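Just so it is clear: chains get the letters A, B, ... in the order the sequence lines come, proteins before strands, and each one is counted from 1. As the structure is a computational prediction, the values presented were derived from the model and not from experiment.
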Number of protein chains: 2
Amino acid sequence: MATIKQVAQHAGVSVATVSRVLNDKGYVHEDTRKSVLKAIEELQYNPNSVARSLFKKSSNTIGLLIPDITNPFFPQLVRAVEDVMYPKGYTTILFNSDENIQHELDYLKGMTSKYIDGVIVVSNTLKWEHLERLTTPVIALDRHIDDRIASVTIDNYESSLKALEFLVERGCKRIAHLAGPSHVFTSNERLRAYKDFTRKNGLEEIIQEGSYELQSGMLNTMQLLTKYQHIDAIFAGNDVMAIGALKAAAKLGIDVPKELSVMGFDGVEWGTAVTPELTTMQQPIYQIGKKAAEMLLKRLENPGLAPEHVRLNAELTVRQSTK
Amino acid sequence: MATIKQVAQHAGVSVATVSRVLNDKGYVHEDTRKSVLKAIEELQYNPNSVARSLFKKSSNTIGLLIPDITNPFFPQLVRAVEDVMYPKGYTTILFNSDENIQHELDYLKGMTSKYIDGVIVVSNTLKWEHLERLTTPVIALDRHIDDRIASVTIDNYESSLKALEFLVERGCKRIAHLAGPSHVFTSNERLRAYKDFTRKNGLEEIIQEGSYELQSGMLNTMQLLTKYQHIDAIFAGNDVMAIGALKAAAKLGIDVPKELSVMGFDGVEWGTAVTPELTTMQQPIYQIGKKAAEMLLKRLENPGLAPEHVRLNAELTVRQSTK
DNA sequence: TTGTACGCGTTATCAG
DNA sequence: CTGATAACGCGTACAA
């Protein structure tokens with residue numbers, strides 16, 4: 001609660017001198033330096049971040065805009081971002097948009113007035129025109145928004161193809177797809193891959209659209225399984241739905257993986273909690289967050305940098321839910 | 001990026017007047033008011049929060065200090081807090097301490113200099129002496145830190161007793177306890193209840209200490225089950241370990257709930273994802289967060305308030321993992 | 001090597 | 001009803 005002025009007084013110097021020792025800038029005699037340090041100690045002085053921000057027009061804070069921390073995909077991502085930002089002196093502010101564009105815009109607006117230094121966004125609705133006016137660096141996750149906005153993504157299309165190939169390699173012949181919601185970019189990519197794959201391989205196309213939630217995965221699988229009894233594999237749009245599929249199978253007395261193979265997508269921790277453990281196309285979630293944070297850091301230090309676009313690889317993790 | 005000064009100039013008035021219309025304070029003629037509004041609109045003026053904070057010594061921001069967002073207990077809690085704070089104009093900053101006292105203290109220190117208006121903490125290490133110096137309201141979650149610090153908790157001891165009673169009602173005779181880490185308050189309370197319960201009912205005391213993690217739950221259950229083959233129920237210190245127990249049972253070919261009942265504690269979402277679904281002593285996680293946020297809000301508006309201590313009830317949720 | 005004085009963007013007080 | 005102006009706490013030219 002002490003101010004720089006009080007420290008100055010206490011040490012018998014001017015505020016400028018205190019500021020100098022605080023920031024190791026300019027010359028300051030070793031003796032006065034010591035007495036200042038002593039005063040700081042005695043008064044338990046702590047520099048005021050707000051005043052500093054006002055002057056610097058920077059708050060050492062970044063924003064992390066995600067749909068919903070309650071979605072098991074995000075906790076790890078958030079951790080990764082914080083793990084790299086905090087040691088560098090940055091505080092990260094989390095924001096749940098619920099995919100609501102109005103919330104997103106509100107937040108973006110607030111950022112500017114808080115001198116927030118940068119943002120990492122994962123959003124299906126934000127476009128270039130919304131981000132354009134920001135003077136701070138932006139990193140887009142999960143989805144490439146615009147060439148002018150740096151991004152870190154994975155190839156949902158290619159990865160889905162690989163997952164599907166694995167399924168046929170293991171002898172699956174009738175693969176259904178539990179698609180995610182159609183307003184979600186990644187979900188569409190996975191669906192597109194499924195469609196292309198089945199067409200190219202002359203497989204039957206069986207699609208059921210869900211909502212990326214557990215219940216949805218379960219219910220839709222029940223429908224699928226009762227409607228088409230010959231299905232021998234399910235490729236789910238995400239792990240949570242895949243786990244719902246596992247539950248449905250258990251409920252119907254269908255043996256996984258003997259009678260039915262289930263493939264997830266994402267690699268969330270839940271997948272290891274269930275029995276059988278979920279085979280999945282695993283995104284390097286922590287790596288994605290880490291990479292994004294690192295990119296942001298780089299652009300914070302060097303604002304002129306051209307927008308980088310990195311694409312990480314998802315990796316098939318074979319566990320127990322597939323043949 | 002426009003400042004109040006520019007708006008004033010643009011509207012041909014003084015900054016004082018602009019400030020008045022901005023904050024609806026004091027008298028201002030309707031005509032000048034309109035022209036100011038127009039200027040604001042034209043310049044897309046947005047008040048600068050940092051400058052405002054500096055003057056007001058308040059940032060409309062609260063801190064939320066938790067061990068680890070990656071622990072499935074916390075996402076819901078965080079959501080609850082944000083859901084109540086945001087509509088009231090507060091931003092919440094999340095902080096993961098990893099139960100590291102040094103991190104916690106660092107963070108607390110940073111708070112003061114950022115004019116953060118209040119904190120919600122869930123910590124096993126923080127004591128009165130650490131919080132004493134804060135001038136902002138503090139709410140403790142999960143654990144009662146001191147009478148002088150408001151808190152919202154549940155009765156871990158009583159609830160554990162109830163869970164245990166349920167198990168014996170269902171005919172379980174040899175109940176083992178998968179205890180949580182001993183440095184965690186809630187974990188000790190649950191353990192204490194187990195000890196008292198077994199003693200009072202003349203039951204054998206079988207305790208295995210774990211770390212609240214999935215692997216730990218599984219490994220420790222394996223040991224337990226191979227070492228004491230007569231166990232017919234496991235009372236786990238938390239849901240995650242309980243799910244680990246489920247996995248262990250599956251691996252050993254032990255039927256849950258026929259041969260073994262498994263009882264969790266917490267009520268995290270994972271519990272509904274597994275098969276069989278987990279019977280658990282369910283904490284009202286969202287409610288806890290909501291209540292804490294509401295209490296904080298109340299104390300923010302009325303700083304003089306005496307510290308309130310509310311205790312919420314955990315509720316037995318019977319699903320499929322118990323007889 | 002050190003101190004003075006101004007500016008960062010707001011709000012509030014006090015004249016007018 | 002409106003306008004100067006002094007804070008808020010800090011960092012940095014510019015002088016000394």
Side-chain angles (χ1 to χ4, degrees), chain A residues 1-40 43-61 89 109-117 135, chain B residues 1-37 39-40 43-61 89 109-117 135-136:
Chain A
M1 298 296 312
T3 73
I4 197 175
K5 196 179 283 183
Q6 295 171 328
V7 173
Q9 223 154 24
H10 194 84
V13 299
S14 76
V15 295
T17 302
V18 177
S19 179
R20 283 190 199 96
V21 345
L22 241 33
N23 304 296
D24 265 323
K25 250 175 195 165
Y27 299 88
V28 38
H29 191 93
E30 191 51 30
D31 291 351
T32 71
R33 168 194 193 68
K34 272 188 184 142
S35 70
V36 167
L37 254 18
K38 184 157 152 273
I40 288 178
L43 270 55
Q44 302 216 60
Y45 168 72
N46 203 230
N48 183 310
S49 310
V50 177
R52 191 173 273 178
S53 291
L54 181 59
F55 181 87
K56 293 223 175 183
K57 296 177 183 303
S58 144
S59 61
N60 277 260
T61 300
K109 191 168 156 197
M111 287 201 17
T112 309
S113 84
K114 280 185 163 55
Y115 286 145
I116 283 183
D117 301 310
T135 55
Chain B
M1 298 298 311
T3 74
I4 197 175
K5 196 178 281 182
Q6 296 172 329
V7 173
Q9 223 155 25
H10 195 82
V13 298
S14 77
V15 294
T17 302
V18 177
S19 179
R20 283 192 199 95
V21 347
L22 240 34
N23 303 296
D24 264 322
K25 251 176 194 162
Y27 299 88
V28 36
H29 191 91
E30 191 52 31
D31 291 350
T32 69
R33 169 193 194 69
K34 271 188 185 144
S35 71
V36 168
L37 254 20
I40 288 178
L43 270 56
Q44 302 216 60
Y45 168 71
N46 203 228
N48 183 311
S49 311
V50 176
R52 191 172 272 178
S53 291
L54 181 58
F55 183 86
K56 293 226 174 185
K57 295 179 183 304
S58 145
S59 60
N60 276 261
T61 300
K109 191 167 156 197
M111 289 202 18
T112 310
S113 83
K114 280 185 164 55
Y115 286 144
I116 284 182
D117 300 310
T135 55
T136 61

For A:S53 and A:S59, test the side chains for any donor-to-acceptor distance below 3.5 angstrom and give the result as yes or no. no
Spacing of B:D117 atom CG and B:K57 atom NZ [to the nearest 0.5 Å]: 12.5 Å
Students often get this wrong, so: under 4.0 angstrom with heavy atoms, is A:S19 touching a base, only sugar-phosphate, or nothing? base
Do the side-chain N or O atoms of A:K25 get closer than 4.0 angstrom to the phosphate oxygens (OP1, OP2) of D:dT12? yes
Quick one: B:Q9 CD to D:dG3 C1', roughly how many Å, whole number? 14 Å
Taking atom OG1 of A:T112 and atom CD of B:Q44, what is their separation to the nearest 0.5 Å? 10.5 Å
From CD1 of A:I40 across to P of D:dC10 the rounded distance in Å is 10 Å
Hey, where on DNA chain C does chain A first and last touch, going 5' to 3'? Cut-off is any atom under 4.0 Å from a heavy atom. C:dT1 to C:dG9
Please report the interatomic distance CG(B:L22) to OH(B:Y45), rounded to the nearest 0.5 Å. 5.0 Å
If you look at every heavy atom in A:V15 and A:I4, which pair is closest and at what distance? O-CD1, 3.8 Å
Nucleic acid contacts - residues 50-59 of chain A versus DNA chain C, non-hydrogen atoms under 4.0 Å: A:L54, A:F55, A:K57
Rounded distance (nearest 0.5 Å) linking atom OG1 of A:T135 with atom CE of B:M1: 5.5 Å
Which heavy-atom pair separates A:V13 from A:V36 by the least distance, and what is that distance? CG2-CG2, 3.9 Å
Atom-to-atom span, CG of A:N23 to P of D:dC10 - whole angstrom: 11 Å
Any N/O pairs under 3.5 Å between the protein and nucleotides 13-16 of chain D? List them or say none.
none

Hey, could you give me the CG/CD distance between A:L43 and A:Q9, rounded to the nearest 0.5 Å? 10.0 Å
Which residue, A:P47 or B:V28, contacts DNA chain D at a nucleotide closer to its 5' end, judged by nearest heavy atom? B:V28
Heavy-atom closest pair, residues A:T61 and A:I116: O-CG2, 3.4 Å
How far apart are the closest heavy atoms of A:N48 and B:S113, and which atoms are they? OD1-O, 3.6 Å
Name the nucleic acid region contacted by B:D31, choosing base, sugar-phosphate or nothing; use a 4.0 angstrom heavy-atom cut-off, strictly under. nothing
Which pair of heavy atoms, one from B:S35 and one from B:A11, lies closest together, and at what distance? O-CB, 3.9 Å
Restricting to non-hydrogen atoms, name the atom on A:V50 and the atom on B:Y115 that form the minimum distance, rounded to 0.1 Å. CG2-CD1, 3.5 Å
State whether B:S14 places a side-chain N or O below 4.0 Å from either non-bridging phosphate oxygen (OP1 or OP2) of D:dG3. yes
On DNA chain D, compare the nucleotides closest to B:H29 and A:N48; which residue's is nearer the 5' end? B:H29
Please list, chain by chain and in numerical order, all residues satisfying side chain to side chain contact (heavy atoms under 4.5 Å, CB included) with A:R33, sequence neighbours excluded. A:V21, A:D24, A:V28, A:E30, A:L37
Angle of first-five versus last-five pair axes in the helix from C:dT1-D:dA16 to C:dG16-D:dC1, to 10 degrees: 50°
With sequence neighbours left out, write down each residue that passes side chain to side chain contact (heavy atoms under 4.5 Å, CB included) with A:R20, or none if nothing qualifies. A:A16, A:T17
